8 protein chains.
Amino acid sequence: MNEYELKQLLEAVKNNEIDIDEASERLKTMPFEDLGYAKVDHHRALRTGFPEVIFGATKSADQIISIMKKLAADGGNVMATRCSADTFAKVSREIPEAVYHEQARIIALMQEERQDKGRVAVVTAGTSDIPVAEEAAVTSEILGSRVDRVYDVGVAGIHRLIARLDVIREADAVVAVAGMEGALASVLGGLVDAPVVAVPTSVGYGANLGGISALLSMLNSCANGVGVVNIDNGFGAGYLATMIAKDKK
Amino acid sequence: MNEYELKQLLEAVKNNEIDIDEASERLKTMPFEDLGYAKVDHHRALRTGFPEVIFGATKSADQIISIMKKLAADGGNVMATRCSADTFAKVSREIPEAVYHEQARIIALMQEERQDKGRVAVVTAGTSDIPVAEEAAVTSEILGSRVDRVYDVGVAGIHRLIARLDVIREADAVVAVAGMEGALASVLGGLVDAPVVAVPTSVGYGANLGGISALLSMLNSCANGVGVVNIDNGFGAGYLATMIAKDKK
Amino acid sequence: MNEYELKQLLEAVKNNEIDIDEASERLKTMPFEDLGYAKVDHHRALRTGFPEVIFGATKSADQIISIMKKLAADGGNVMATRCSADTFAKVSREIPEAVYHEQARIIALMQEERQDKGRVAVVTAGTSDIPVAEEAAVTSEILGSRVDRVYDVGVAGIHRLIARLDVIREADAVVAVAGMEGALASVLGGLVDAPVVAVPTSVGYGANLGGISALLSMLNSCANGVGVVNIDNGFGAGYLATMIAKDKK
Amino acid sequence: MNEYELKQLLEAVKNNEIDIDEASERLKTMPFEDLGYAKVDHHRALRTGFPEVIFGATKSADQIISIMKKLAADGGNVMATRCSADTFAKVSREIPEAVYHEQARIIALMQEERQDKGRVAVVTAGTSDIPVAEEAAVTSEILGSRVDRVYDVGVAGIHRLIARLDVIREADAVVAVAGMEGALASVLGGLVDAPVVAVPTSVGYGANLGGISALLSMLNSCANGVGVVNIDNGFGAGYLATMIAKDKK
Amino acid sequence: MNEYELKQLLEAVKNNEIDIDEASERLKTMPFEDLGYAKVDHHRALRTGFPEVIFGATKSADQIISIMKKLAADGGNVMATRCSADTFAKVSREIPEAVYHEQARIIALMQEERQDKGRVAVVTAGTSDIPVAEEAAVTSEILGSRVDRVYDVGVAGIHRLIARLDVIREADAVVAVAGMEGALASVLGGLVDAPVVAVPTSVGYGANLGGISALLSMLNSCANGVGVVNIDNGFGAGYLATMIAKDKK
Amino acid sequence: MNEYELKQLLEAVKNNEIDIDEASERLKTMPFEDLGYAKVDHHRALRTGFPEVIFGATKSADQIISIMKKLAADGGNVMATRCSADTFAKVSREIPEAVYHEQARIIALMQEERQDKGRVAVVTAGTSDIPVAEEAAVTSEILGSRVDRVYDVGVAGIHRLIARLDVIREADAVVAVAGMEGALASVLGGLVDAPVVAVPTSVGYGANLGGISALLSMLNSCANGVGVVNIDNGFGAGYLATMIAKDKK
Amino acid sequence: MNEYELKQLLEAVKNNEIDIDEASERLKTMPFEDLGYAKVDHHRALRTGFPEVIFGATKSADQIISIMKKLAADGGNVMATRCSADTFAKVSREIPEAVYHEQARIIALMQEERQDKGRVAVVTAGTSDIPVAEEAAVTSEILGSRVDRVYDVGVAGIHRLIARLDVIREADAVVAVAGMEGALASVLGGLVDAPVVAVPTSVGYGANLGGISALLSMLNSCANGVGVVNIDNGFGAGYLATMIAKDKK
Amino acid sequence: MNEYELKQLLEAVKNNEIDIDEASERLKTMPFEDLGYAKVDHHRALRTGFPEVIFGATKSADQIISIMKKLAADGGNVMATRCSADTFAKVSREIPEAVYHEQARIIALMQEERQDKGRVAVVTAGTSDIPVAEEAAVTSEILGSRVDRVYDVGVAGIHRLIARLDVIREADAVVAVAGMEGALASVLGGLVDAPVVAVPTSVGYGANLGGISALLSMLNSCANGVGVVNIDNGFGAGYLATMIAKDKK
């Protein structure tokens, strides 16, 4: 219920078109509806073309199909993360327009034009970090950002990173994806002016503790302007990067 | 050395105004200088008014005074974080224009106009989180952002947070400061559209593990658009928030 | 042996109906029997209709069948937790009256009327938390509580939780089930007056550390009236909730 | 705003005693006010005599005095936890009716009659656990419960615990306070029918990890009906115990 | 080389039966040989009947057969731990006298009389702890101790433990096997006078952290006379218990 | 109440020397008294000369004096651990016969002859481990064992350890005290036949994690016959060692 | 671009053979190219015969074949670590000269003579550590070191280690491979003068925490001259050992 | 006893200059002496000028003076680590030739010429890492290496590091000292060919976990040729670096 509707309701009370008990009943539940409403409303302007998102990891293909159909009903974009190729095969039979981003493991159903949401650079330390990076990159693209991918430029061969700095410096937000010692985030943070979204990955073994080593590195970065997301959370990084990049002059 | 200077040097070579050995010597060291140069240059446009920063925690008052004087020599702004009132008393005697932000524990020496760097909201769960929040807020202000403070609106009294949403929703970037269970970041992430910079604090005891509980909460946030910094890192949060907020349309 | 029986035994000694050696023998073992007896006796009044419980996770279908038959022999209720559908298929052939709660993974054999044990609300943050929530809910129901389920009302969409507060506030005990950052327990603790039994779940990945993140959040809750059980321990939460809810005026 | 007031407002609209813009304005802000209101209202009935609580650990004596005076202004009860004797000395000068519970480190200002809130037993493993236990016991008493203290009955001398079972079994809620291996919670859980609120303490050294050993023990209790609070959180335990104990038939 | 042999060698030098270079060569390597020798010798008296032990977990059936044959060649006893039934099937074909202890997962080849090595009681908290307990019990038996098994007497039903105390108190060493909160070790430590060898097991889930919860409990035991071995290390516990129990008057 | 007394009571009932109500009353409380009684009785024979023990770390000098006097009243031995020299100065004024073991930080009051309790060797890796070792050694001596001290023979200079093996091999129980990497326990376990009680110490820094590194080393010892106690728990090690050493043939 | 080429370019400028814009363009990108160049150049002299390395764990056989062919194209040596026998079977069909080191799980393609790179001793505590040790040993051999293997000489049987000291003391660098308590590194560090590269392995169970116990032991070694690599990182240890051993007089 | 002396002893036996009992006695103790002897002997050649080392952290000034005097008696060099200025003041009064390295906190007494032990570069990320770096640098110098210090070249300003590469590349061993995210070790490992000894420091706060973050980073380094020592272990790093650097061609 927005202000206009509220006033209409009050007019109706005033004009005896609705009795007080009924009006009271509708208003009593308003706070909570309204809360949601306010949020949705607030979101509307800047969310044009933003997809609805399904976290696919813990859902069956049938569940994903059913949710995707429901969310797609109003003509917006829909994406499902962490979906296997098998899942996509089943989804594709039911929703033929759905597209699969294999490395990113994302199924996307794009029905709506996206507005421009700035530029994002997605950078990885190694080749094993690429699946997480692709989840970030494809997410940013689906949300409307232009994405540059700069892969396999880890700090053990720092010259490869430096050689690609020009591309990275064009971005409004940089996603740094790295496992093992996760030093990429600090090095990038020192070389670029845009905010760096750091994604630790579980790449490595032994004392990498499933990604905790890279996570701690990134949290303790000696560079300014670095924000960290959960281990392997490519989607979250891409989402945050686009939120940062959009509306930048 | 910028492109213009490089071409001037080459012209000088061409015109025999400089001999090849000397030119070679200057160019050989250029890569590294240039690297720094490129960075500084790239930074220049958007960094006008950005302060130089001294991490005061591990330095004596004398060291801070000496570094501050040196950094201030070129007329820019300088700030020192994690300084005690005692330290400020000594600094003040030597650098009378320096100002002390007591709760933030920041000494600032502002010599240069700041450009507008967008709006930042700094939100805390409890009153004990305020010193960290002030470090963030003052940092953002020194960097040029307009800051709204919304303190003591933790999730155990969610209505207080909701009552202040309008102010928070005006921000280009939101800093969420919380210790204990750190739930504020998730709740905020669900209620606002701007990126949320989450700062876990060490507030609490026992199983808070010095802030690890809040840190893990924030990293595992079920809300999108949340980036996390180190425990108690108010400075880093304020810096990142301004980097996000600036240049937003 | 209760007091009455003890006195009867002493009478028998006095009347020479039993000799001293035999009486001594019986009394010597009494302490320990009696200890158990006392407990069982103490339990009897309030335990009417309480089921015997089998922890099924580490037992074969055959073991479960055999234990269930033995426990059921005296006509009471019996439940087995963490049982797969396969296990139930086998149990069902031998004990046709047994019922399977699929999501809760509980097999129940109800032979006895339950007394009313108050009202319990079981609330989850996400859909992935539902299996643990169902274990709690079905446990509470088997023990005799009336259960309201309020699922998928996590704090990233706080309005959904607020919209269901009326139902939750009816409960004598609230079970809050959440993974990831586990903020639900704190938010609920601030919104309801009944004790909150918090169940962290292992839902999530990376820095959720198999549920530790939600566990720490819940232990550090800034809200009063929250007690925490082990990760994924739906049974324990349901049991504790009913113990709290029963006999409430 | 409650339903009665809402209907009055609508009547006023209907009767033209208030114009639509003003009514709209009041209703627009209602959701948030109302949310708080609803909570306070819902609390009222059962909270009679409940104190306002100040967490004193991070506050100066002056801050505590000022907050205590403000909270006490409406005639209710007020308590401040984790206050030193020094703090109390200062508080006492300003608020002479305040009382100090030394071991519990609680300052209480009781201005209002308490309703009966059931019976709570507070049990400790060792003598070093007593300060935490007293925080729980005094909290429960201030909230209105009758408290039985059973101290120093740890499991290394199990007969002492068993000798006191009769008292413990009278309680509607049992608080088990233990450090080191924290076994007391499990043993109590097996011996009583009331819910057990387990409080791990930081008592011990080395591999007790500041209370983590007792915390893990309690979370992994093999007994049913045990809920755990944070390490050394006597206040939280007393609060939860009284919430459980009150209104028990 | 023992003292007797050393003197014989010196006699041979003196009598010119061996030249100095050869004697020097033999003596030069003596330190290390002798070190081993001393140890074996020292062990001999008390090790009569002690088996050679093979850690089977990381070895193939073929490897176990080959090592077992080699070790058995001198007529002593041999045991292999952590062997599956499949492994035993293969071993049995090659070494028909080998015996399999199924729950303990131990293959034993007994060729030599054992000396009496005192009495050991092996006690478990739950039924899931029995495999680890059997590894301890069978190890102690193979080494020569008489073993009493007291299973499923965990502290949540303390009367069952007390009912079996007489048997446990007969032992020269007690092995306490428990997972989850591991309270059994402390309770036993308070009830018996013999040393308690505590074995944490990985039984449990969630915050049991794979056995760490029980391990920490046992290390922090408030009872005296408790020594702890690694998680699930039944063999080590049985071995240590027999070392303690043997030669007790 | 022992069997003899029980039969006397029954005789009295039979002979009408005591009425049934009184006998019933005495027998009803017997279980718990008896439990304690049984334990004390069971302990008596082997505990002759065993001291009562006070854990001094968390107690004031006044508390220690008062407890010590009470425990000493029946003529037995008393010891207090973790007492500072200051504490002893005060104790000494009140209890002049008390003796202070400075490095061990133990105050002892010996009033009773000790029986021989076997031989214990206490071995340390470094000189910094000596205070913990002395706590173990003095504890064992007070309990009645003969103790050999072999200090500063850590594995980085293995020849020093080997040079002292003869003394160590005389012991019925060996206490291995080591911080840092704690390798001493494994090396000793491989060189001696007596049970090894391993005491990790908090000696070290950084990745020693306050003694956790040595603790984990000792728990994972590749040698058989090693039982571990808590970090820095010299008292517990000495107690366990004497329990193992006593009554060895 | 090296100095010679730089001067040639300047000569060309001077001689008008190249215009300033083109020269400027080439020099502007020089820093980064040059950085890489410098590195490669610097490496060349001492890297003769060093293989290119492929981390095989996360790559398919097809990927390994393709990368190996590319790297081998210039006639140098190539090795791929963590390859299964299945992978080798496929590689072998395409690259018949490739050789498989089964225990080390390394595929090597040697096309170039190696220079002598000193002597390395690889020592293990147990037989289960051998695969990691072989990865180290084969890596060192491929890089050009002579390797002595001394396996199964763990500290629980210290005499076996001492018996092999002569061989170990010949080495320029010693690799110590051990799981469980990892004491081998300290003992070796005390017995040899060469640097010790310590490799913790994940061998063990329970409180070995997947190799963390051995890792901590090695980091806390009381011996000097020990450097530690990641858990199970045989390749890294072999590589570092050869870097240390080469060019030793 | 070396081979020459052994043969002399055997000659004496042969010539009846020493009787067999006495020779036997001397030879019996030889193994252990000899073990030490062998080590010392083996060490001699390369250890000329190596200092004896005292770990000063846990010792009083008096203890340090007394040990230093004893160790210095044979004319060699002696050093004591982790000594305060106060300690040095006292030492200086007794041993006037002793020298204090203030930042390194090392007291050195140099009485003997050092042989050249190669070149070591000590590199730090920040200024706060300098005390640890100085401990490493001074240790290496005392041992005989030439040391280049390259401080405050952390990866957040990578150009400063690159600008100093020429100096670093001259070293035979590089010590990388860094706290926070510890990325310096990886970046250096990728830029130099010499072995890198990585020293994590406890510099930082919050999620640096007292140095664990830098430690994990360094262990998970994506660069080859990196060995790690304990947190803040500058001495160990300097010692290992010189062991690596010495005798390099």
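Being a predicted model, the structure only gives us computed values, none of them experimental.
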Check step by step if side-chain contact (heavy atoms from CB on, under 4.5 Å) holds for E/Val187 and D/Val187. CA-CA 9 Å; E/Val187 172; D/Val187 172; 4.2 Å; yes
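Separation of atoms CE (E/Met218) and OG (D/Ser213) is listed at 13.0 Å; rounding is to 0.5 Å. Going from atom CD1 of D/Ile158 over to atom CD1 of E/Ile162 covers 6.5 Å, rounded to the nearest 0.5 Å. Atom-to-atom distance recorded for E/Leu216:CG and D/Ile212:CD1 is 9.0 Å, nearest 0.5 angstrom.
Residues of residues 219-236 of chain D that come within less than 4.5 angstrom of chain E, heavy atom to heavy atom, are D/Leu219, D/Asn220, D/Ser221, D/Cys222, D/Ala223 in numerical order.
Within a 6.0 Å radius of NZ in E/Lys248, other residues, nucleotides and ligands contribute more than 12 heavy atoms. The local environment of CD in D/Gln103 is crowded, with over 12 non-hydrogen atoms from other residues, nucleotides or ligands closer than 6.0 Å.
Proximity to chain D (any heavy atom under 4.5 Å) is shown, for E/Leu184, by neither the backbone nor the side chain.
The choice from D/Ser186, D/Ala183, D/Ala185 that makes the most heavy-atom pairs within less than 4.5 Å of chain E is D/Ser186.
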